[in-house]
Amino acid sequence: AQRVTQPEKLLSVFKGAPVELKCNYSYSGSPELFWYVQYSRQRLQLLLRHISRESIKGFTADLNKGETSFHLKKPFAQEEDSAMYYCALSRMGGSYIPTFGRGTSLIVHP
Amino acid sequence: GAGVSQSPSNKVTEKGKDVELRCDPISGHTALYWYRQSLGQGLEFLIYFQGNSAPDKSGLPSDRFSAERTGGSVSTLTIQRTQQEDSAVYLCASSFAPGDEQFFGPGTRLTVL
């Protein structure tokens, strides 16, 4: 069975500080990993996916198959980054039901 | 075109009543998902439709929950004999193909009194 773990329910940092939102997964096949974000009073939306290897809004995430992790990082947090972040795992081939983590609430203080 | 839409945006009902929640996916998207979002519980998968295939209902919490997707487009999630623990935000998402980026609707906030 596939599983996504986001160990932190809440992460609180000050503006300008580095931020890392952790995501660990368990899956034996080839994973497709995503980070979704939900800003206050907005709908859930894709932030980035590992196959595109992009940096979005200053965020990056690297898939580490050895550690089965897909942590989301930003070197300098901004107040507008405050949001709920969900890590999600989809499966390449076979079942496409994605598995979401429970989410991490990021609060960036001024 | 427009994104995924859901209606109603809010629904307050009494325990024991039936409710229907509607989702209009993005045109051309073959995959449609329903989730339940509860405080502290994250996103709970409910049901998945892909094209004309039989839906995957493995996430439905009880037989009071059912969903259908007509003509490969609009979907309706029905909850019969609602209970207070059904109170949550129900999210619908669609994707162009299985495993692709999901586009989410704004959700329906269901409150069961």
Side-chain angles (χ1 to χ4, degrees), chain A residues 1-11 21-25 27 29-54 56 61 63 83-106, chain B residues 2-7 9-10 21 23-26 29-61 67 69 88-109:
Chain A
Q2 55 198 61
R3 183 177 297 170
V4 175
T5 303
Q6 292 180 251
E8 303 135 331
K9 291 178 75 171
L10 173 66
L11 189 59
L21 290 88
K22 291 184 168 52
C23 172
N24 289 89
Y25 68 91
Y27 176 60
S30 295
E32 168 83 70
L33 283 145
F34 305 80
W35 276 100
Y36 284 84
V37 62
Q38 188 168 28
Y39 300 102
S40 179
R41 289 185 290 278
Q42 293 188 27
R43 61 181 71 189
L44 200 59
Q45 60 186 288
L46 179 70
L47 179 63
L48 54 79
R49 60 195 298 184
H50 91 271
I51 61 169
S52 59
R53 303 182 70 83
E54 293 176 300
I56 305 294
L63 176 60
M84 193 74 178
Y85 291 81
Y86 292 94
C87 182
L89 166 71
S90 190
R91 179 178 164 181
M92 292 189 177
S95 168
Y96 296 98
I97 300 171
T99 301
F100 282 79
R102 292 197 166 193
T104 297
S105 177
L106 173 65
Chain B
V4 177
S5 61
Q6 292 185 246
S7 61
S9 55
N10 278 284
L21 312 180
C23 171
D24 283 88
I26 293 173
H29 279 195
T30 63
L32 186 147
Y33 314 78
W34 281 99
Y35 298 91
R36 181 164 67 178
Q37 186 178 35
S38 307
L39 197 62
Q41 297 298 315
L43 280 172
E44 177 187 3
F45 164 76
L46 297 177
I47 188 169
Y48 161 64
F49 295 88
Q50 170 51 38
N52 296 320
S53 303
D56 186 316
K57 306 178 182 180
S58 60
L60 294 178
R69 188 179 184 190
V89 175
Y90 288 82
L91 294 175
C92 174
S94 69
S95 62
F96 181 72
D100 273 359
E101 171 188 359
Q102 293 182 58
F103 292 82
F104 283 82
T108 294
R109 181 174 296 278

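Protein chains get the first letters and strands the later ones, always in sequence-line order, with residue 1 at the start of each.
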Chemist: When you compare the side chains of A:Thr99 and A:Tyr25, does any donor N or O come within less than 3.5 Å of an acceptor on the partner?
Modeler: no
Chemist: Counting only heavy atoms closer than 4.5 Å, note whether B:Phe45 contacts chain A via side chain, backbone, both or neither.
Modeler: side chain
Chemist: Out of A:Gly101, A:Pro98, A:Gly103, which one racks up the most heavy-atom pairs below 4.5 Å with chain B?
Modeler: A:Pro98
Chemist: Determine the interplanar angle of the B:Tyr48 and B:Tyr33 rings, folded into 0 to 90°, and report it as parallel if under 30°, tilted if 30 to 60°, perpendicular if over 60°.
Modeler: parallel
Chemist: Measuring heavy-atom distances to chain A, does B:Ser95 have an atom under 4.5 Å in its side chain, in its backbone, in both, or in neither?
Modeler: neither
Chemist: With a 4.5 Å cut-off on heavy-atom pairs, point out which of B:Ala97, B:Pro98, B:Gly59 contacts chain A the most.
Modeler: B:Pro98
Chemist: Check whether B:Gln37 gets within reach of chain A through its side chain, its backbone, both or neither, counting any heavy atom under 4.5 Å.
Modeler: side chain
Chemist: Give, for atom CZ of A:Arg3 and atom OH of A:Tyr27, the distance between the pair rounded to the nearest 0.5 Å.
Modeler: 15.0 Å
Chemist: Using 0.5 Å steps for rounding, measure from the OG atom of B:Ser94 to the CD atom of B:Glu101.
Modeler: 10.0 Å
Chemist: How long is the gap from NZ on A:Lys22 to CD on A:Gln6, to the nearest 0.5 Å?
Modeler: 12.0 Å
